[in-house]
Amino acid sequence: MLSPSQSITLGSLLSPWMATSDWQEKWREHSVENMTIDSRQIEADDLFVAVNGHAVDGRGFIPAAIHAGATAVLAEAENIAKHGDIVEQDGIVIIYFKQLNQYLSAIANRFYAQPDTRLKLLAVTGTNGKTTISQLLAQWANLIGYNAGVMGTTGNGLLNSLIPAVNTTGNAIEIPHVLHALVDQGADFAAMEISSHGLVQGRVKALQFVASIFTNLSRDHLDYHGDMANYADAKKCLFTEHQAGIPVINADDDIGLSWLADLPNAVAVVTDKARLGEGYQGQALWLTDVAYSTQGVNIIFDSSWGAGQFTAPLVGSFNVSNLLLALATLLALGHSIDKLTAVAPRLTAVIGRMEVFQRSDKPMVVVDYAHTPDALEKALQALRVHCQGKLWCIFGCGGDRDTGKRPMMAEISERLADQIIITDDNPRTEAPAAIVSDMLQGLVLPQQAQVIHDRKLACTYAIEHAQANDIILLAGKGHEDYQVLADRTIHYSDRETVQALFGETA
Ligand SMILES: CC(=O)N[C@H]1[C@@H](OP(=O)(O)OP(=O)(O)OC[C@H]2O[C@@H](n3ccc(=O)[nH]c3=O)[C@H](O)[C@@H]2O)O[C@H](CO)[C@@H](O)[C@@H]1O[C@H](C)C(=O)N[C@@H](C)C(=O)N[C@H](CCC(=O)O)C(=O)O
Ligand SMILES: Nc1ncnc2c1ncn2[C@@H]1O[C@H](COP(=O)(O)OP(=O)(O)OP(=O)(O)O)[C@@H](O)[C@H]1O
Ligand SMILES: N[C@H](CCC[C@H](N)C(=O)O)C(=O)O
Ligand SMILES: [Mg+2]
């Protein structure tokens, strides 16, 4: 999907940040055709960017990068005195740059000719809803005439041809590279998920967004941020230390509501207008009525742009919030209520997000990505409204992630579901039994929960024992078509498992 390489001279690339005029002509005019942060991906004539990472120091791979064909290296400088130093080694140039991680977004964006200025770029951050809202934005944009791309958890690319990616928010080079490729493919709109890790690591520091959405903040990634205050600060910096464009804030969320005072040009989105108070002067969009069914939602809203009504085939009250945030963003960008509401029924559920599988003689199975306490609670509450029989919850917790959430999620499942089956998610380097033990600590009656480590067996058991009017929530993996074990990653998909059990080919 990535575009043909982009050629630029080292002098031009780095002149905003160091005096390249006194360099030797040959290095100032030396062209590089691609830049990469990983020596294992180096090709001839590449620029290797050697950063000091979390696990290892990339500078240790400079010899490997040169051996692989790199003709220039941009490396983290030991101290400010060495910023701009140039060293020639085996006919290769090594240029030292201080605080490279913090400037890499700007350098890479310059390398790829500022693709963020060549399409409408939107950011979505928050604990839950990023994938859902970014894909709803791209779907809605396509329906009103744009050619939209997305970047996020389910991959990067034009909306209907995503290429899987390692991260929800890629590294500072990958992002402008992908955006450059999207522009090459005719994209004029792109919605991207911005993770808190991505914000803290400066992965999008130099990018110019036309609008930025905040979804919500609840427990997640405390293994990385340490506590909720740091996690909140990480999210807020998108609106205070980046080029966020129009802030679109979910003010149903207490953190979002508290930020409005600091963001006077924000668009506030609420399901209860009273939350904004009589004195709120800013732009807003609010729900006035809603009806739910397993086929979708019927929404009536009012806003600074007028009132309207639309239906969309998404399940759950949290998806009302997601739809209103996407709608408010497109209204704030100048699109009309009539045009947006007319096409809304053609929006579709996002892969692995409250994705409903239903056959006449079988229980309804809903595959969802909920892997945080808040998400699991919201998903179970959404399904309870429609459940005539028993509500089943099949879920596990990922290994090498926040351990504190494990008993919390178990407690939520016991409180909101009728039948619980605890299974494996992505154990990674942790023992599955240890993860399950952490989860069982949260149950009042652990003996009433079933533990079936094999996820396919867990799903099979539930479908074979549930009644036709039961609902089974299969949570935590959503779109994932893999399972990460200690020593290997195997192919596994909840969606394919359900389709096979329902007698359908995947
Ligand atoms: C902790 C973390 O965020 N790490 C990210 C970071 O890696 P790093 O810089 O720490 O890498 P490192 O392993 O220390 O290596 C240092 C440098 O040496 C280079 N290297 C390394 C080995 C080698 O042989 N040659 C070589 O050149 C590496 O390319 C790197 O530039 O930069 C990498 C891209 O350059 C990311 O892929 C990597 O994400 C890892 C895989 C990760 O799991 N990150 C998670 C925490 C994350 O970012 N998650 C969020 C949210 C997920 C969600 O909830 O949706 C996300 O946005 O994905
Ligand atoms: N607005 C919301 N509020 C709370 N929970 C939500 C919301 N939207 C989705 N969810 C729940 O969270 C799960 C993840 O949704 P989604 O993938 O859109 O979030 P995300 O922010 O992209 O997550 P991640 O950070 O893991 O990529 C969904 O499967 C659903 O259970
Ligand atoms: N992509 C995210 C969420 C994974 C969700 C769940 N499947 C898990 O493994 O915890 C991460 O790597 O943290
Ligand atoms: Mg996501």
Side-chain angles (χ1 to χ4, degrees), residues 35-42 46 48-66 68 70 73-76 100-101 104 108 124-135 150-156 164-175 191-204 215 220-225 231 234 350-353 368-372 375-376 395-403 405-406 409 423-428 430 435 455 474-485 489 492-494:
M35 64 189 297
T36 176
I37 205 164
D38 193 331
S39 63
R40 294 161 292 195
Q41 292 167 12
I42 287 283
D46 277 3
F48 173 54
V49 179
V51 299
N52 189 2
H54 294 79
V56 295
D57 186 338
R59 290 171 292 191
F61 304 100
I62 290 175
I66 292 172
V73 176
L74 186 59
E76 176 65 49
L100 184 51
N101 270 319
L104 191 52
V124 188
T125 196
T127 302
N128 287 309
K130 300 188 297 297
T131 297
T132 303
I133 293 170
S134 56
Q135 297 206 11
V150 289
M151 296 179 69
T153 311
T154 57
N156 301 330
V166 169
N167 291 96
T168 287
T169 303
N171 67 54
I173 296 175
E174 179 185 6
I175 292 170
M192 64 179 297
E193 298 180 49
I194 313 291
S195 64
S196 52
H197 307 77
L199 288 165
V200 166
Q201 293 174 22
R203 298 179 195 171
V204 295
T215 65
D220 199 4
H221 301 314
L222 296 191
D223 54 316
Y224 184 83
H225 297 289
Y231 183 33
V350 172
I351 181 172
R353 273 70 179 165
D368 188 58
Y369 196 43
H371 53 274
T372 67
L376 186 63
F395 73 114
C397 287
D400 303 342
R401 295 293 186 269
D402 172 19
T403 56
K405 74 180 182 183
R406 295 171 182 172
M409 291 176 71
T423 186
D424 289 352
D425 189 313
N426 292 309
R428 299 187 181 90
E430 289 192 61
I435 296 173
R455 202 168 171 101
L474 187 47
K477 295 184 72 63
H479 67 286
E480 292 178 2
D481 58 2
Y482 54 83
Q483 188 169 43
V484 185
L485 307 175
T489 296
Y492 173 79
S493 157
D494 281 346

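Values below: every heavy atom of this structure, side chains too, minus hydrogens, waters and symmetry copies. Here the structure is a predicted model, which is why all the values come from computation and not from measurement. Counting starts at 1 for both ligands and their atoms, following the listed order.
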- [ ] Look only at interatomic distance and state if Y369 has a nitrogen or oxygen under 3.5 Å from any nitrogen or oxygen of ligand 3.
- [x] yes
Open item on the list: Out of all atoms in ligand 1, which are within 4.0 Å of some heavy atom of N171? Include the element for each.
Closed with: 34 (C), 35 (O)
Task: Proximity to ligand 1 by part of I37, non-hydrogen separation under 4.0 Å - done: both
- [ ] Run the numbers for me: atoms of ligand 1, each under 4.0 Å from some heavy atom of S39, listed by number.
- [x] 23 (C), 24 (O), 25 (N), 26 (C), 27 (O)
- [ ] Would you mind running through ligand 1 and noting each atom that sits below 4.0 Å from a heavy atom of Q201?
- [x] 2 (C), 3 (O)
Task: atom 10 (O) of ligand 3 [closest protein heavy-atom partner, distance rounded to 0.1 Å] - done: G398 CA, 3.4 Å
Open item on the list: Within the 4.0 Å heavy-atom shell around E480, which atoms of ligand 3 are there?
Closed with: 4 (C), 5 (C), 6 (C), 7 (N)
Task: Heavy atom of the protein closest to atom 5 (C) of ligand 3 (residue, atom name, distance) - done: H371 CG, 3.5 Å
Open item on the list: I'd like to know if D425 contacts ligand 3, where contact means a heavy-atom distance under 4.0 Å to any ligand atom.
Closed with: yes
Task: Top protein contact for atom 12 (O) of ligand 3, by heavy-atom distance - done: R401 NH2, 2.8 Å
Task: Closest to atom 13 (O) of ligand 1 among G53, A55, A68 (heavy-atom distance) - done: A55
- [ ] Give yes if a backbone or side-chain nitrogen or oxygen of N167 is under 3.5 Å from a nitrogen or oxygen of ligand 1, and no if not.
- [x] yes
- [ ] Decide, yes or no, whether a salt bridge links E480 with R455 under the criterion of side-chain N to carboxylate O below 4.0 Å.
- [x] no
TODO: Please could you name the atoms of ligand 1 that T168 approaches to less than 4.0 Å, counting only its heavy atoms?
DONE: 52 (C), 53 (C), 55 (O), 56 (C), 57 (O), 58 (O)
Open item on the list: Between the Mg ion (ligand 4) and E193, which N, O or S atom of the residue is the nearest one?
Closed with: OE1
- [ ] Identify, by atom number and element, the atoms of ligand 1 in contact range of F48, meaning under 4.0 Å from any of its heavy atoms.
- [x] 27 (O)
- [ ] Taking atom types as modelled, find out whether T131 and T153 have a side-chain donor-acceptor pair closer than 3.5 angstrom.
- [x] yes
Open item on the list: Between Y231 and T127, do the side chains contain a donor N or O and an acceptor N or O under 3.5 Å apart?
Closed with: yes
Task: S195 N/O under 3.5 Å from ligand 1 N/O - done: yes
Open item on the list: Just checking: Y369, one of its N/O/S atoms, less than 2.8 Å away from the Mg ion (ligand 4), yes or no?
Closed with: no
TODO: Please state whether R203 comes within less than 4.0 angstrom of ligand 1, counting heavy atoms only.
DONE: yes
Open item on the list: For atom 6 (C) of ligand 3, what is the closest protein heavy atom, and at what distance to 0.1 Å?
Closed with: G476 O, 3.4 Å
Task: atom 11 (O) of ligand 1 touched by protein heavy atom at under 4.0 Å - done: no
TODO: State whether T131 contributes an N/O/S atom found under 2.8 Å from the Mg ion (ligand 4).
DONE: yes
TODO: Would you mind listing which atoms of ligand 1 come within a distance below 4.0 Å of any non-hydrogen atom of H197?
DONE: 46 (C), 47 (C), 48 (O), 49 (N), 50 (C), 51 (C)
Task: Numbered atoms and elements of ligand 1 in range of H221, under 4.0 angstrom, heavy atoms - done: 53 (C), 54 (O)
TODO: Output yes when a protein non-hydrogen atom is found under 4.0 Å of atom 33 (C) of ligand 1, and no otherwise.
DONE: no
Task: Polar contact flag, side-chain donor to acceptor under 3.5 angstrom, H225-S196 - done: yes
